[in-house]
**Q** 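The structure that follows is given in the form of structure tokens.
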Amino acid sequence: QVQLVESGGGLVQAGGSLRLSCAASGRTFTMFSMGWFRQAPGKEREFVAVISWSGVSTSYADSVKGRFTISKDNAQNTVYLQMNSLKPEDTAVYYCAARTAPAMDITPSMYAYWGQGTQVTVSS
């Protein structure tokens, strides 16, 4: 009953920026926390950034801290990931996710709803 529609992603040069967006529809009146995760070929899906429903609390993976920023607009039911100073090692499929609880969590299994994923490729 909850759908996530993701946009953004693409090919960018190292040092460049991308902004990913993910909009939730359906039962969006509930207090959802949301997050971004990524998966490279041959690797497990890993935590990138999460945000509480209120937007007050955020958490970032060490590998992206200081470069990526997660934000959300509850009125728009949308979460964003601003990605700056991109590196080739950031190349992966990026997924947005939502869980039916206001508190954030960095574990992928805690999220019931997922977007389709969008490819981010950073060239050297």
Side-chain angles (χ1 to χ4, degrees):
Q1 199 169 352
V2 176
Q3 298 83 40
L4 302 179
V5 180
E6 191 173 289
S7 62
L11 177 64
V12 65
Q13 296 179 359
S17 299
L18 285 174
R19 183 172 182 258
L20 307 182
S21 301
C22 184
S25 62
R27 297 192 300 171
T28 55
F29 58 88
T30 56
M31 296 180 177
F32 282 26
S33 60
M34 300 185 74
W36 289 94
F37 301 81
R38 67 187 183 187
Q39 187 168 21
K43 298 182 65 178
E44 294 184 2
R45 190 167 300 184
E46 66 176 2
F47 154 71
V48 176
V50 292
I51 188 167
S52 63
W53 174 85
S54 68
V56 173
S57 298
T58 60
S59 185
Y60 297 90
D62 289 342
S63 59
V64 306
K65 193 171 298 182
R67 299 188 296 120
F68 292 9
T69 303
I70 187 171
S71 61
K72 71 197 302 283
D73 184 339
N74 286 342
Q76 299 280 355
N77 299 307
T78 303
V79 65
Y80 306 93
L81 185 67
Q82 179 66 46
M83 309 163 67
N84 298 328
S85 301
L86 283 163
K87 305 175 181 179
E89 47 264 46
D90 294 318
T91 296
V93 178
Y94 283 70
Y95 300 88
C96 64
R99 78 189 204 100
T100 56
M104 63 186 186
D105 196 291
I106 68 170
T107 306
S109 63
M110 294 293 100
Y111 290 80
Y113 304 101
W114 294 83
Q116 78 282 2
T118 184
Q119 177 71 46
V120 172
T121 302
V122 184
S123 62
S124 59

**Q** Do Trp36 and Met83 come within less than 4.5 Å of each other through their side chains, counting heavy atoms only?
**A**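 They are not in contact (no side-chain heavy atoms under 4.5 Å apart), so the answer is no.
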**Q** Got a second to check how far Cys96's SG is from Glu6's CD, nearest 0.5 Å?
**A**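 Output value for this atom pair is 4.0 Å.
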**Q** If every non-hydrogen atom of Tyr60 is compared with every non-hydrogen atom of Ile70, which pair is closest and at what distance?
**A**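 Reported closest heavy-atom pair: OH-N, 2.9 Å.
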**Q** Just so I know, are the side chains of Thr78 and Lys72 near enough to count as touching, which here means a heavy-atom distance under 4.5 Å?
**A**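 No; the side chains remain at least 4.5 Å from each other.
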**Q** Please tell me whether Ser123 and Gln13 have a donor and an acceptor in their side chains that are separated by less than 3.5 angstrom.
**A**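 There is no such pair between these side chains.
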**Q** Within the distance-only criterion (no hydrogens, no angle test), does the side chain of Ser54 pair as donor or acceptor with the backbone N or O of Val56 below 3.5 angstrom?
**A**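 The answer is yes, because a donor-acceptor pair under 3.5 Å joins these two groups.
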**Q** Kindly indicate whether the side chain of Ser21, heavy atoms from C-beta on, has any atom under 4.5 Å from the side chain of Ser7.
**A**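 Result yes, sub-4.5 Å side-chain heavy-atom pair found.
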**Q** Compare every heavy atom of Lys43 with every heavy atom of Gln39, then report the nearest pair and how far apart it is.
**A**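 Closest heavy-atom pair between Gln39 and Lys43: NE2-O, 3.1 Å.
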**Q** Starting from the C-alpha separation in whole Å, work towards a yes-or-no answer on salt bridge (Lys or Arg N to Asp or Glu O under 4.0 Å) for Lys87 and Asp90.
**A** CA-CA 5 Å; Lys87 305 175 181 179; Asp90 294 318; over 6 Å; no
**Q** What's the separation between atom CD1 in Ile51 and atom CE in Met34, rounded to the nearest 0.5 Å?
**A**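 One gets 9.5 Å once the value is rounded to the nearest 0.5 Å.
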**Q** Check side chain to side chain donor-acceptor pair (under 3.5 Å) between Ser59 and all other residues, then give those that pass, not counting sequence neighbours.
**A**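 By the side chain to side chain donor-acceptor pair (under 3.5 Å) rule, Ser59 matches no residue at all.
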**Q** Which Ile, Leu, Val, Met, Phe, Trp or Tyr residues join Tyr111 in one cluster when any pair of side-chain heavy atoms under 4.5 Å counts as a link?
**A**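 Phe37, Phe47, Val50, Val93, Tyr95, Met104, Ile106, Met110, Trp114, all in the cluster of Tyr111.
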**Q** Would you give the length of the straight line joining atom CG of Asn77 to atom CZ of Phe32, rounded to the nearest 0.5 angstrom?
**A**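 If we round to the nearest 0.5 Å, Asn77:CG and Phe32:CZ are 9.0 Å apart.
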**Q** Can you find a heavy atom in the side chain of Arg19 that is under 4.5 Å from one in the side chain of Leu81?
**A**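 When only atoms from C-beta onward are counted, Leu81 and Arg19 do not touch, as no gap falls below 4.5 Å.
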**Q** What pair of heavy atoms forms the shortest contact from Val48 to Phe68, and how long is it?
**A**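 Smallest interatomic distance, heavy atoms only, reads CG1-CD2, 3.8 Å.
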**Q** Apply the hydrophobic cluster definition, ILVMFWY joined by side-chain contacts under 4.5 Å directly or through others, and give me every member besides Leu11.
**A**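 None; Leu11 is a cluster of one.
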**Q** Are the side chains of Tyr80 and Thr69 in contact, using a 4.5 Å heavy-atom criterion?
**A**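 Thr69 vs Tyr80: side chains apart.
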**Q** With no hydrogens and no angle check, do the side chains of Ser17 and Asn84 hold a donor and an acceptor under 3.5 Å apart?
**A**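 A donor-acceptor contact under 3.5 Å links the two side chains.
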**Q** Got a second to check how far Gln119's CD is from Thr121's OG1, nearest 0.5 Å?
**A**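 Taking CD in Gln119 and OG1 in Thr121, the distance rounds to 4.0 Å.
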**Q** On a heavy-atom basis, which atom in Ser33 and which in Pro102 lie closest, and how many Å separate them?
**A**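 So the two residues come closest at CB-O, 3.6 Å.
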**Q** Do you know the tightest heavy-atom contact between Leu4 and Ala24?
**A**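 That would be CD2-CB, 3.6 Å.
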**Q** Calculate, to the nearest 0.5 Å, the distance between atoms CD and CG belonging to Gln82 and Leu18 respectively.
**A**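 Rounded to the nearest 0.5 Å, the CD-CG separation comes out at 8.5 Å.
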**Q** Looking at every non-hydrogen atom in both residues, tell me the closest pair between Tyr94 and Arg38 and how far apart they are.
**A**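 Shortest heavy-atom contact: OH-NH1, 2.8 Å.
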**Q** Checking Ser52 side chain against Ser57 main chain: does a donor-acceptor pair fall under 3.5 Å?
**A**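 Pair found, side chain donor or acceptor close to backbone of Ser57.
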